[in-house]
Number of protein chains: 2
Amino acid sequence: MELIHVMVNGAPGNMARQLMRHVIAAGDMNLIPMSMTGPETAEKEIAADGVSVRLIRPDEKDLLLDRLDTSGLAADGAKGSPVVAVDFTHPSAVNANAAFYAANGLWFVMGTTGGDRSALHETVEDSEISAVIAPNMAKQIVGLQAMLEYGAATFPGLFRGFDLRIRESHQRGKADTSGTAKALMASFQRLGCEFSADQIEMERDPVRQREEWGIPEEFLDGHAWHTYTLRSPASGAEFAITHNINGREIYMGGILDAVRYLAARRTAGPGKVYSMEDVLRAG
Amino acid sequence: MELIHVMVNGAPGNMARQLMRHVIAAGDMNLIPMSMTGPETAEKEIAADGVSVRLIRPDEKDLLLDRLDTSGLAADGAKGSPVVAVDFTHPSAVNANAAFYAANGLWFVMGTTGGDRSALHETVEDSEISAVIAPNMAKQIVGLQAMLEYGAATFPGLFRGFDLRIRESHQRGKADTSGTAKALMASFQRLGCEFSADQIEMERDPVRQREEWGIPEEFLDGHAWHTYTLRSPASGAEFAITHNINGREIYMGGILDAVRYLAARRTAGPGKVYSMEDVLRAG
């Protein structure tokens, strides 16, 4: 079997480190022992399950290109062994990294949120590569979102007259409102609920998270809990949907599937932006 | 505007009585002041918002036919003013009632559950009438069910490895497991959950319903609460869907919509069985 060569960018960040271990463990993948990092990173390398991974700052990108050349990996995804970069870096790096991947023929999975998303899509569409761009890599959440989208398209106004309440809790460091909550909110709006993004209730206080929400202590610094409640007192009805994620493990399976999906799409040609829902539909 | 003449069968049952009030209040409907009832019913008539409604036992059905004739209502749904029967009687009466409607050209909405459902469909398909047959008349629940069905068809196995738990609570008198819970269970099975109907947890004890579930006192004798929980401890994920209904009000809007849908389908010809999802899709 042809191995997929995977470069995980964003070490020493937690997502990248955890993903590296999964790539190493996957029988169909080979971890490229290099990881693009930010300009402020002082470490030169990290160890991932015994593999020493070189951290590449923005001013050292030539090292990366040299290595990709000398290792005999075809950077052009259309030829030779497939190479896929997975990006879990920083919102400020999204567009520069995409431009680098496009310029060097590296197909990629963009898991990093933020940046200029329209420009990100254009970079891929005008290039010789394709990419999976997915703000949420948890397959079950993407599937749930697709079900609600289907409902909104098929039964617009079904929940007209219902009061919507959206609550979400994330680790203290997350400043912005949950993007997933906003995405599902859009479906509920089409289902008839009057609601705006500023009504989403954000919880960032660890004490309330532990005591009122019941979030386990060890996940206070890494969780994503969401509840959407629809109430119609007049009709005696209450509906609720909850998706609570502790830690990062659930994202790993989705990322590996996205890498495999992209590697298998080389013959479909470049310039294509795939979503996580495309990955899911492929099964 | 042409009024829809509606006969609500199943008085003096609560569903029928409540529905009669809604038919009387609807500007586009006329309540036929007769209601088919069971052989054990002693009452001769009931009052619904000032309208006196004659209860018709099975041995008195000729009275009903006489009245439908003399009132100038065309029993044949294809001609004249539309007449629609709505059935909230008893599982033991489902098939006999359907045969009566079919024999006398009465289009109908069957909200009564139980009976021989295949025979029920055949009765309509072989007849000069059409019908809406819907075990659950709450539009939002039917829509939720359609969303899960879509998910199951589009992303089979999406929740493989997740543990499913289904809990439902109904009034003490309900002997069988919730049909809605079983219907949603089938979608979860296709989504990859290993689960069988005998694992559905039924609650019928009013003390636990009040104290543990928090079901309001006044709805202990009429409620339908359901929660489906999907857990994957290995991936730190928990999903939950809840639909809690107190009382019967939520069903009323769906029933009236089904009546209107059926009345508007007269030109589509007889022999058709429509579902509540068909009604929903019509908007």
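Lettering follows sequence order; numbering is per chain, from 1.
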Contacting moiety of A138(B), where chain A heavy atoms sit under 4.5 Å: neither

Is I141(B) in contact with chain A via its backbone, its side chain, both, or neither, using a 4.5 Å heavy-atom distance? both

If you look at every heavy atom in E277(B) and Y150(A), which pair is closest and at what distance? OE2-OH, 4.3 Å

Below 4.5 Å, heavy-atom pairs only: which of E249(A), M252(A), H226(A), R231(A) has the largest tally toward chain B? E249(A)

Assert top hit (heavy-atom pairs under 4.5 Å, partner chain B, pool F155(A), Y251(A), F219(A)) equals F155(A)

Need one label for L230(A): side chain, backbone, both or neither, based on atoms under 4.5 Å from any heavy atom in chain B. neither

If you tally heavy-atom pairs under 4.5 Å between each of I241(B), I245(B), L158(B), T227(B) and chain A, the highest tally belongs to L158(B)

Identify which part of A224(A) has an atom lying under 4.5 Å from any heavy atom of chain B, answering side chain, backbone, both or neither. neither

Out of A234(A), A240(A), A146(A), return the one with the most heavy atom pairs under 4.5 angstrom to chain B. A240(A)

With a sphere of 6.0 Å drawn around CD of E194(A), does it hold more than 12 non-hydrogen atoms of other residues, nucleotides or ligands? no

Would you indicate whether the side-chain heavy atoms of E238(B) and W225(A) approach each other to under 4.5 Å? no

Could you check whether any side-chain heavy atom of F162(A) comes within less than 4.5 Å of a side-chain heavy atom of Q140(B), counting everything from C-beta outward? yes

Scanning both residues in full, the closest heavy-atom pair of I250(A) with A237(B) reads CD1-CB, 3.4 Å

In Å and rounded to the nearest 0.5 Å, what is the CZ to NZ distance from F159(A) to K139(B)? 11.0 Å

